[in-house]
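Here the structure comes first, spelled out in structure tokens, and everything after it is commentary.
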Amino acid sequence: MSDEPQHWAPRDPSGAAAAPGSHQGAPTGNTGKNHGKNQKNGANGGGGRNGGGGRNGRKPRTGWRRAVPTWRMTLGTVLGLAVLLGVAVFAAYRLVDIPAANAAATAQSNVYLYRDGSVIARDGDVNREKVKLSQVPPSVRQAVLAAEDRDFYSDDRAVDVKAMVRAGWNTVTGKGKQGGSTITQQYVKNYYLGQERTVLRKAKEAIIAVKLNREETKDQIFEGYLNTSYFGRNAYGIQAAAQAYYGKNVEDLTTAEGAYLASLLNAPSAYDVVAHPDNEPAAQRRWNYVLDGMVKEDWLDAAERATTKFPTPGEAKASTGLSGQRGYIVQAVEDYLNRHGILDEKTLATGGYRITTTLDKAKQDAFVKAVDTNVMSRTSAERKADRNVRVGGASIVPATGEVVALYGGIDYTKQYVSNATRRDYQVGSIFKPFVLTSAVVNDSTTQDGERITPNTVYDGANKRMVVGPQGPTDYAPANEDDVDHGDITVRTATDESVNAVYAQMAQDVGPGKVRDTAVALGIPTDTPDLTASPSIALGTANASVLDMTEAYATLADHGRHGRHVLVEKVTKDGAEIELPERTTDQAVSREAADTTTAVLRSVVEGGTGTAALAVGRPAVGKTGTAEEDRAAWFAGYTPDLATVVAVMGQNPDTGAQTPLYGALGLPRVNGGGAPAETWAAYTEAALRSSPAQEFDLETAPGSDEEDEPQLDENTDGSTDPSSSSEPTTGPSGTTPSSPAGDSTDTGGTNGTAGTTGGSGETGSTGGTGGESDSGGDGEG
């Protein structure tokens, strides 16, 4: 800095005159007057502008007042916050998109129904079944609006700010948590977000609701709301609620019932008057509130309101899942849908399908009762053999192919494999009628060139060697109990189920032709052990109960065949899935089918199936026993219903097939016993309300009973056809002796197998004869 002295004086910022002694001199004129005035003001306020330093003459803020913001500061802060809030809302609106629906909101169970609409089972974890808004009666929709949001259709706002503020205040002041939400907001919460109560969730809910309100119609939002709301009793959506509380579909709800379900939306558990009887007054108050709201909105006539009574719901039913017959039915339906190309397994697993079956609830219940009465009630925990008893059954209407009853076992949760659809048990002698049908279809003849009819005479000697065009085949099946029947007609051989006759007849017809006829009647081509050999006649094939029922239904329908039908209708979200049309064809001639029916009639009237007479109406049928008595069958039909029942033996621990010796307290179980009795009990109950029908038959020439030859009885009990009016004879040949003690067959598929020393009716594939069956009632 320079050391030279300064020649200037500092400026007085106040504009006052220089201090006394200065060389500037005193002010004069106006300047002096102003100076005096300033001095006076300074004396009053201590200096500074506006007196004492306060702006506009106000005293400075002191003490606690200094902590209180001025109105200018408050206004500025409010405006600033408003701007920030507006920016935040705008940013949130731009940034928050409508999300994908949460998994819980879209999850649905598949619902399986009887043909009358009653529920068989649900196979999902979430009890929900979506419906279209049009399926919900107007009065039910209006009840929900009266309960939850009466201005929903008239108000364009998606968010009710006043209600949200009021709800928040009530929550803060301890008046209870309240939603304060419109139907749109509730739908957003149910479908896109969750049930947690947080400020963030509420903010997102409001933003999404506004966006959704611009992108979807009111009807779309309301439909979604009705399908996602929780009504208690594990019922999600209005359809599930209708079933849970009133056991009916939503379309059938009354106004009173709809008002009650609408009441539940406010507090589902609290307003369930069955679960909480003490809350009935509160529930009725809420119900009245809903109805009164409907009257106020002119949705309900006051006179109708006055006569409306509180609709007490039914008892809550515990979830039974797939127990009892439910699981077997669901399994069979899923297989049916997949096999017919309607829905594959993955598609069905997405849920939401409503599947109406052809099953008749009354007939299904009758089948269960018949099995319980004639089989299961006869089992005892003290008999080891009774642990192995299994039962399968199926029933089909011949004219339509509709499966009206299906019995899979005692309980799906205990026995998972359905005995109605499994294909691992031999069908035994219930296959024999197909041989006769094939003989008539193909105009087959015996080895001697005689046309085969029910009156054709065959040699029914025990272990008689089957003879082919080239001579003996080395296949000699044993008859039931090793009985020699001598020369008998085909009709009598059917009554008594004689193995020797039917094995030879299969050879005469041609095993391949027999197989073709069985397939034409309805036996699947891929049936295990459906082998074209003489033993095919004895039921070596492992067809299911349902397969055999379909084939017998074809015979009952005069030879017309169409695949069985198990599903009548399939819908999802109200849209119907197209089902393949059932077609029928004349699988075998009417003469062939009716001739077989005529012969099977005598099985029931005087053969091994007389227990079926208990049905009390015209009926036909055939008994059968599998190899080593591992299964006993009865297959029969009336003109309007075909049914098959099988009792099977299976070790519950290992799954191995077991003989039924000693089961039900009997030496053995055969088709003419428990299976035929079950068949008669079921069929009588199933057709009790239907008039009895007679068979209208057109049989092949030479098939009438009056044409049957008269056979003379020999001294050994056999018969001699020499005096018959129709000199038809069976094939020639002698019965060779069999090795002593030989109890199994070892042969190929042409029937060139060894003989067996046991008795019975079925042979294993390739010519098994004479199983280890013993005892019994003479059934073949």
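None of the values given here were measured: they were computed from a predicted structure.
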Given 3.5 Å as the limit, does a donor-acceptor pair link the side chain of [X] with the main chain of [Y], or not?
X: Tyr246; Y: Gln243; answer: no
X: Gln108; Y: Lys130; answer: yes
X: Gln325; Y: Gly408; answer: yes
X: Glu148; Y: Ile183; answer: no
X: Tyr230; Y: Asn234; answer: yes
X: Thr357; Y: Val567; answer: no
X: Asn227; Y: Val131; answer: yes
X: Glu223; Y: Leu133; answer: yes
X: Tyr245; Y: Phe231; answer: yes
X: Thr683; Y: Trp679; answer: yes

Residue pair [X] / [Y], side-chain heavy-atom distance below 4.5 Å:
X: Asn127; Y: Arg233; answer: no
X: Arg141; Y: Pro138; answer: yes
X: Ile120; Y: Leu113; answer: no
X: His561; Y: Glu550; answer: yes
X: Pro580; Y: Ile342; answer: yes
X: Val273; Y: Phe310; answer: yes
X: Gln331; Y: Tyr412; answer: yes
X: Val136; Y: Leu226; answer: yes

Quick one: is the NZ or CZ of Arg150 closer than 6.0 Å to the six-membered ring centre of Tyr289, and within 45° of its axis?
yes
Can you confirm if the NZ or CZ of Lys218 lies within 45° of the ring axis of Tyr153 and under 6.0 Å from the centre of its six-membered ring?
no
Walk me through whether Arg122 and Tyr112 qualify under side-chain contact (heavy atoms from CB on, under 4.5 Å).
CA-CA 6 Å; Arg122 301 177 187 272; Tyr112 300 81; over 6 Å; no
Just checking, any donor-acceptor pair under 3.5 angstrom between side chains of [X] and [Y]?
X: Asn249; Y: Arg354; answer: yes
X: Arg285; Y: Asn288; answer: no
X: Asp557; Y: Thr554; answer: no

Is any side-chain N of the basic residue among [X] and [Y] closer than 4.0 Å to the acidic one's carboxylate O?
X: Arg326; Y: Asp123; result: no
X: Arg286; Y: Glu280; result: no
X: Asp116; Y: Lys361; result: no
X: Asp585; Y: Arg560; result: no

What distance separates [X] [atom1] from [Y] [atom2], expressed to the nearest 0.5 Å?
X: Thr255; Y: Asp301; atom1: OG1; atom2: CG; result: 11.0 Å
X: Ser395; Y: Gln364; atom1: OG; atom2: CD; result: 9.5 Å
X: Arg128; Y: Thr228; atom1: CZ; atom2: OG1; result: 6.5 Å
X: Tyr416; Y: Leu322; atom1: OH; atom2: CG; result: 10.5 Å
X: Lys569; Y: Ile577; atom1: NZ; atom2: CD1; result: 11.5 Å
X: Thr678; Y: Asn374; atom1: OG1; atom2: CG; result: 4.0 Å

Aromatic rings Tyr336 and His564: how do their planes relate, parallel, tilted or perpendicular, breaks at 30° and 60°?
tilted
Fit a plane to each ring of Tyr225 and Phe222, take the angle between them on a 0 to 90° scale, and name the class: parallel (under 30°), tilted (30 to 60°) or perpendicular (over 60°).
parallel
Heavy-atom pair with the smallest gap, counting every atom of [X] and [Y]:
X: Val290; Y: Ala143; result: CG1-O, 3.4 Å
X: Pro398; Y: Pro639; result: CG-O, 4.1 Å
X: Glu257; Y: Asp252; result: OE1-O, 4.1 Å
X: Pro137; Y: Leu253; result: CG-O, 4.1 Å
X: Ala405; Y: Tyr682; result: CB-OH, 3.8 Å
X: Asp411; Y: Gly324; result: OD1-N, 3.0 Å

Pair Val140, Leu261 - check side-chain contact (heavy atoms from CB on, under 4.5 Å), show working.
CA-CA 9 Å; Val140 177; Leu261 294 183; 5.8 Å; no
Option among Arg563, Arg582, Arg115, Lys363 that satisfies the salt bridge (Lys or Arg N to Asp or Glu O under 4.0 Å) test with Glu402:
Arg115
Please report the C-alpha distance between Leu348 and Ile355 in whole Å, then the side-chain angles of each, then the deciding distance to 0.1 Å, and finally whether the side-chain contact (heavy atoms from CB on, under 4.5 Å) criterion is met.
CA-CA 11 Å; Leu348 191 61; Ile355 303 162; 4.0 Å; yes
Report the C-alpha separation of Lys132 and Asp573 in whole Å, then their side-chain angles, then the decisive distance to 0.1 Å, and conclude whether the salt bridge (charged side-chain N to carboxylate O under 4.0 Å, His left out) test is met.
CA-CA 6 Å; Lys132 295 290 186 183; Asp573 298 339; over 6 Å; no
Taking ring pair (Phe, Tyr, Trp, His ring centres under 6.0 Å) as the test, write out the residues that go with Tyr407, two or more places apart.
none
Trace of the side-chain contact (heavy atoms from CB on, under 4.5 Å) decision for Thr638 with Thr643:
CA-CA 9 Å; Thr638 63; Thr643 305; over 6 Å; no
Identify, with sequence neighbours excluded, every residue that meets salt bridge (Lys or Arg N to Asp or Glu O under 4.0 Å) alongside Asp372.
none
Enumerate donor-acceptor pairs with a distance under 3.5 Å from any side-chain N or O in residues 293-300 to protein atoms, sequence neighbours excluded.
none

Taking the ring centre of each residue, are Tyr260 and Tyr271 less than 6.0 Å apart?
no
